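Along the sequence shown, the residues carry numbers beginning at 1. Every heavy atom of this structure was used, including side-chain atoms; hydrogens, water molecules and symmetry mates were not. Because the structure is a prediction, the values reported are computed rather than measured.
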Amino acid sequence: MKQNTLLLIKPNSTGKNQIGSILKMVEENGFVIEQLKMFKMDEELANAFYAEHLGKGFFEDLSAFMRSGKIVGVVLNREDAILKLRELVGNTDCTIAALGTIRAIYGVSKGENAVHASDSIESAEREIGLIFS
């Protein structure tokens, strides 16, 4: 089933001019870019986007990182987009992500792991609504 999912290219990757390389990998893996925008996340958006992590020990660092620079938001479409994008981006911890995945190539640490990818249909709908409202 064709579906939409959200990819965020995080500040560590936008700051290193890796946007084009990441988007090329995505397109070469059968994804169609439906929407794309560059923006800066403010505190209100960070709180809404990462609401499930509010109050957790790592939340403040995550929020500060995501507000530290430009982000590229991309709505992607293809068959099984959510699962296929999660496979392409790799493990959250880039040090153990499979070779050839986006996080293995562009990630710096578990926190600065280059990209975000929605993990479910519900998350994708909610996150796309927040970023592209």
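A 4.5 Å side-chain heavy-atom check between Glu34 and Val74 finds every atom pair outside the cut-off. Side-chain contact check for Leu8 versus Val72: every heavy-atom pair is 4.5 Å or farther apart. Side-chain contact between Ser120 and Ile82 is absent, with no heavy-atom pair separated by less than 4.5 Å.
Under a hydrophobic-cluster definition in which Ile, Leu, Val, Met, Phe, Trp and Tyr are linked whenever side-chain heavy atoms come within less than 4.5 Å, directly or via other members, Tyr50 and Ile128 are assigned to the same cluster. Residues Leu6 and Ile33 are members of separate hydrophobic clusters, defined by side-chain heavy-atom contacts under 4.5 angstrom among Ile, Leu, Val, Met, Phe, Trp and Tyr. Leu23 and Ile131 are not part of a single hydrophobic cluster, where members link through side-chain heavy atoms under 4.5 Å apart. Linking ILVMFWY residues whenever their side-chain heavy atoms come closer than 4.5 Å, directly or via other members, places Tyr106 and Phe31 in the same cluster. No path of Ile, Leu, Val, Met, Phe, Trp and Tyr side chains, each step under 4.5 Å between heavy atoms, connects Ile9 with Phe132, placing them in separate hydrophobic clusters.
Judged as a salt bridge (charged side-chain N to carboxylate O under 4.0 Å, His left out), and not counting sequence neighbours, the contacts of Glu28 are Lys24. Residues forming a salt bridge (charged side-chain N to carboxylate O under 4.0 Å, His left out) with Glu44 (at least two apart in sequence, or on another chain): none.
A donor-acceptor contact shorter than 3.5 Å links the side chain of Asp42 to the backbone of Leu45. For Gln35 (side chain) and Val75 (main-chain N/O), no donor-acceptor pair under 3.5 Å exists by modelled atom type. A distance-only check finds a donor-acceptor pair linking the side chain of Arg86 to the backbone of Ala117 [under 3.5 Å]. Within the 3.5 Å criterion, the main-chain N or O of Met1 finds a donor-acceptor partner in the side chain of Glu79.
Counting all heavy atoms, side chain and backbone alike, Arg103 lies closest to Asn91 at CD-O, 3.1 Å. Of all the heavy atoms in Ile19 and Met38, the pair that sits closest is CD1-CE, 3.5 Å. Listed here is the closest heavy atom pair of Glu112 and Asn12: O-ND2, 3.3 Å. Taking every heavy atom of both residues into account, Gly107 and Cys94 meet most closely at C-SG, 3.6 Å. Pairing each heavy atom of Ala124 with each of Ser118, the nearest pair is CA-OG, 3.4 Å.
Under the side chain to side chain contact (heavy atoms under 4.5 Å, CB included) rule, Ser13 has a single partner from Ile22, Ile102, Ile71, which is Ile22.
Atoms OG1 and NZ, from Thr14 and Lys40 in turn, are 9.5 Å apart once rounded to the nearest 0.5 Å.
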Between Leu76 and Leu85, does the side chain to side chain contact (heavy atoms under 4.5 Å, CB included) criterion hold? Intermediate values first, please.
CA-CA 9 Å; Leu76 298 168; Leu85 186 61; 4.0 Å; yes
Step by step, would you call Phe49 with His116 a side chain to side chain contact (heavy atoms under 4.5 Å, CB included)?
CA-CA 11 Å; Phe49 195 86; His116 165 86; 3.6 Å; yes
Could you please spell out the steps behind the side chain to side chain contact (heavy atoms under 4.5 Å, CB included) verdict for Val89 and Thr101?
CA-CA 5 Å; Val89 301; Thr101 61; over 6 Å; no
Could you walk me through whether Leu7 and Val26 pass the side chain to side chain contact (heavy atoms under 4.5 Å, CB included) check?
CA-CA 10 Å; Leu7 173 74; Val26 167; 3.9 Å; yes
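Side-chain contact of Lys10 with Asn113: a donor-acceptor pair under 3.5 Å is present, judged by distance alone.
The local environment of NZ in Lys110 is sparse, with at most 12 non-hydrogen atoms from other residues, nucleotides or ligands closer than 6.0 Å.
In this structure, Lys37 satisfies the cation-pi test against Phe39, with its NZ or CZ atom closer than 6.0 Å to the six-membered ring centre and inside 45 degrees of the ring normal.
Here side-chain hydrogen bond (donor to acceptor under 3.5 Å, both in side chains) pairs that include residues 66-77, with residues two or more places apart or in two chains, are Asn4-Asn77, Ser63-Arg67.
Of the charged side-chain nitrogens involved, at least one lies within less than 4.0 Å of a carboxylate oxygen, so that Glu52 and Arg126 count as a salt-bridged pair.
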